[in-house]
2 protein chains.
Amino acid sequence: MAGNTPDFPDRLRAAGLRPTRQRVALARVLFEGGHRHVTAESLHAEVKATRMPVSLATVYNSLNQFRDAGLLREVVVAPGRSYFDTNTGHHHHFFVENDGELHDFPSEKVTIAGLPTPPKGTRLSRVDVIVRVRR
Amino acid sequence: MAGNTPDFPDRLRAAGLRPTRQRVALARVLFEGGHRHVTAESLHAEVKATRMPVSLATVYNSLNQFRDAGLLREVVVAPGRSYFDTNTGHHHHFFVENDGELHDFPSEKVTIAGLPTPPKGTRLSRVDVIVRVRR
DNA sequence: CAAGAAGATTAGAACTATTCTAATCCTTGC
DNA sequence: GCAAGGATTAGAATAGTTCTAATCTTCTTG
């Protein structure tokens with residue numbers, strides 16, 4: 001975390017995205033601390049708090065672009081509730097149904113055996129495991 | 001499947017729901033064949049084709065009530081894409097990302113080991129496994 | 001470093017999925 | 001058969017997300 005100076009413009013360029021003011025500001029909020037789960041609304045509020053003008057449409061555009069570029073992973077937990085996760089490595093999620101909280105847990109110790117092979121003509125894209133809990 | 005005559009009014013009563021015309025018609029479409037995956041829209045279209053007048057609002061209400069009563073299970077695969085599954089037993093899903101198709105697969109052979117214990121103050125509700133594939 | 005082209009951003013409209021509202025209707029218990 | 005309360009309805013309302021067309025930035029080239 002310390003040790004690699006994160007040059008956000010360069011990271012965006014490396015992902016094939018122009019480092020515009022808005023995208024750099026969004027990347028800073030998303031990636032400069034530890035891993036995070038955000039929604040479009042929550043990220044919009046955070047970035048606006050840094051006094052960088054950004055529209056909600058741009059937040060949606062950027063989140064989709066970041067996801068397509070592999071910088072983020074999208075997690076859908078409930079109808080109309082989509083989170084973007086800065087942790088793109090292998091891991092799974094706890095979802096607390098009452099309050100909508102999402103937590104990572106590492107996949108290291110988790111093993112899934114006996115999954116069937118994908119239907120003919122398809123290739124595996126990802127396996128999502130969501131452990132739903134209730135208070 | 002054959003062998004138990006499905007008395008839909010009784011099944012609804014057993015679930016704590018009044019057997020109204022609409023709910024009986026919906027239950028018939030949902031439960032009289034094999035297991036199914038429906039959306040509110042697709043179910044609405046199907047039931048209207050049986051010449052029973054039903055509003056979309058009632059389809060949503062009924063799906064939510066059936067789910068709350070344990071007659072259906074809801075599977076959220078993508079933002080704004082929610083399926084209701086008549087198979088409420090233990091099983092997992094294939095989701096074909098290109099065309100939005102959802103398929104069951106039995107959980108018998110699938111074993112998941114090493115899941116962490118739920119956070120303090122929560123109890124396990126369910127574990128969802130979605131295998132995402134692409135054409 | 002100026003200029004033009006390509007791409008990005010914006011406000012607001014539009015869209016999709018779902019829920020709400022208030023009036024009417026149906027099912028149930030007596 | 002008749003109230004009484006639950007269910008249904010059309011349509012309005014809401015939430016989340018995408019689209020549109022005009023404006024503004026960034027990048028490339030000279």
Side-chain angles (χ1 to χ4, degrees), chain A residues 7-29 37-48 50-69 71-72 74-84 100 102, chain B residues 7-29 37-48 50-69 71-72 74-84 100 102:
Chain A
D7 183 329
F8 294 111
D10 276 357
R11 281 177 67 174
L12 289 170
R13 262 185 287 261
L17 296 167
R18 277 201 198 173
T20 65
R21 295 140 182 261
Q22 284 80 1
R23 295 210 272 229
V24 172
L26 289 163
R28 203 182 303 283
V29 169
H37 296 129
V38 302
T39 63
E41 285 288 353
S42 75
L43 181 59
H44 185 221
E46 268 193 87
V47 173
K48 281 209 307 192
T50 69
R51 312 194 50 66
M52 163 65 65
V54 200
S55 71
L56 186 55
T58 294
V59 174
Y60 275 104
N61 289 340
S62 302
L63 284 172
N64 289 335
Q65 291 151 353
F66 289 8
R67 177 203 54 213
D68 293 346
L71 268 36
L72 290 176
E74 188 170 9
V75 187
V76 184
V77 287
R81 198 167 223 157
S82 186
Y83 285 94
F84 288 87
L102 190 67
Chain B
D7 183 332
F8 294 111
D10 276 358
R11 281 176 68 173
L12 289 170
R13 263 185 286 260
L17 296 168
R18 274 201 199 171
T20 65
R21 295 141 179 258
Q22 284 80 1
R23 296 209 272 230
V24 172
L26 289 164
R28 203 181 303 281
V29 169
H37 295 129
V38 302
T39 64
E41 285 288 353
S42 76
L43 181 59
H44 186 220
E46 268 193 87
V47 174
K48 280 207 307 193
T50 70
R51 312 194 51 67
M52 163 65 66
V54 200
S55 71
L56 186 55
T58 293
V59 174
Y60 274 105
N61 288 341
S62 302
L63 284 173
N64 289 335
Q65 291 151 354
F66 289 8
R67 176 203 55 214
D68 292 346
L71 267 35
L72 290 176
E74 188 170 10
V75 187
V76 184
V77 288
R81 198 166 221 156
S82 187
Y83 285 94
F84 289 87
L102 190 68

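Just so it is clear: chains get the letters A, B, ... in the order the sequence lines come, proteins before strands, and each one is counted from 1.
dT10(C) atom P lies 11 Å from atom CZ of Arg23(A), rounded to whole Å. For Gln65(A) and dG7(C), the CD to P distance is 13 Å, given to the nearest whole Å. For the pair Leu12(A) CG and dT9(C) P, the computed distance is 10 Å after rounding to whole Å. Atom CG in Leu43(A) sits roughly 12 Å away from atom P in dT17(D) (whole-Å rounding). Rounded to a whole Å, the CE atom of Met52(B) is 13 Å from the C1' atom of dA7(D). Here the P atom of nucleotide dG16(D) and the OH atom of Tyr83(A) are 11 Å apart, to the nearest Å. Atom CG in Asp68(A) sits roughly 13 Å away from atom P in dA8(C) (whole-Å rounding). In this structure, Leu17(A) places its CG atom 14 Å from C1' of dT9(C), rounding to the nearest Å.
Heavy atoms only, all atoms of each residue included: Ser82(B) and Val76(B) are closest at OG-CG2, 4.1 Å. Ala40(A) approaches Leu56(A) most closely through the heavy-atom pair O-CD1, 4.1 Å.
Annotation: the span from Phe66(B) atom CZ to Arg11(B) atom CZ amounts to 10.0 Å, rounded to 0.5 Å.
The shortest distance between side-chain heavy atoms of Phe84(A) and Leu43(A) does not fall below 4.5 Å.
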**Prompt:** Tell me, for nucleotides 16-21 of chain C in 5' to 3' order, what letter each nucleotide earns: B for a base near a protein heavy atom under 4.0 Å, S for only sugar-phosphate near one, - for neither?
**Reply:** -SBBB-
**Request:** Produce a footprint string for nucleotides 22-30 of chain C: one letter per nucleotide, 5' end first; B if the base is under 4.0 Å from any protein heavy atom, S if only the sugar-phosphate is, - if neither.
**Result:** ----SBS--
Please tabulate, one pair per line, all N/O donor-acceptor pairs under 3.5 Å involving side-chain atoms of residues 15-27 of chain A, not counting sequence neighbours.
| from | atom 1 | to | atom 2 | distance (Å) |
| --- | --- | --- | --- | --- |
| Thr20(A) | OG1 | Arg23(A) | N | 3.3 |
| Gln22(A) | NE2 | Pro53(A) | O | 3.4 |
| Arg23(A) | NE | Arg18(A) | O | 3.0 |
| Arg23(A) | NH1 | Gln65(A) | OE1 | 2.9 |
| Arg23(A) | NH2 | Arg18(A) | O | 3.4 |

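Each salt bridge (Lys or Arg N to Asp or Glu O under 4.0 Å) pair with one or both residues in residues 56-67 of chain B, not counting sequence neighbours, appears once here: Arg67(B)-Glu74(B).
One N or O on the side chain of Ser62(B) and one on the backbone of Thr58(B) form a donor-acceptor pair closer than 3.5 Å.
His37(A) pairs by the side-chain contact (heavy atoms from CB on, under 4.5 Å) definition with Tyr83(A), Asp85(A), His93(A), Leu102(A), Asp104(A), not counting sequence neighbours. Judged as a side chain to side chain donor-acceptor pair (under 3.5 Å), and not counting sequence neighbours, Thr50(B) has no contacts.
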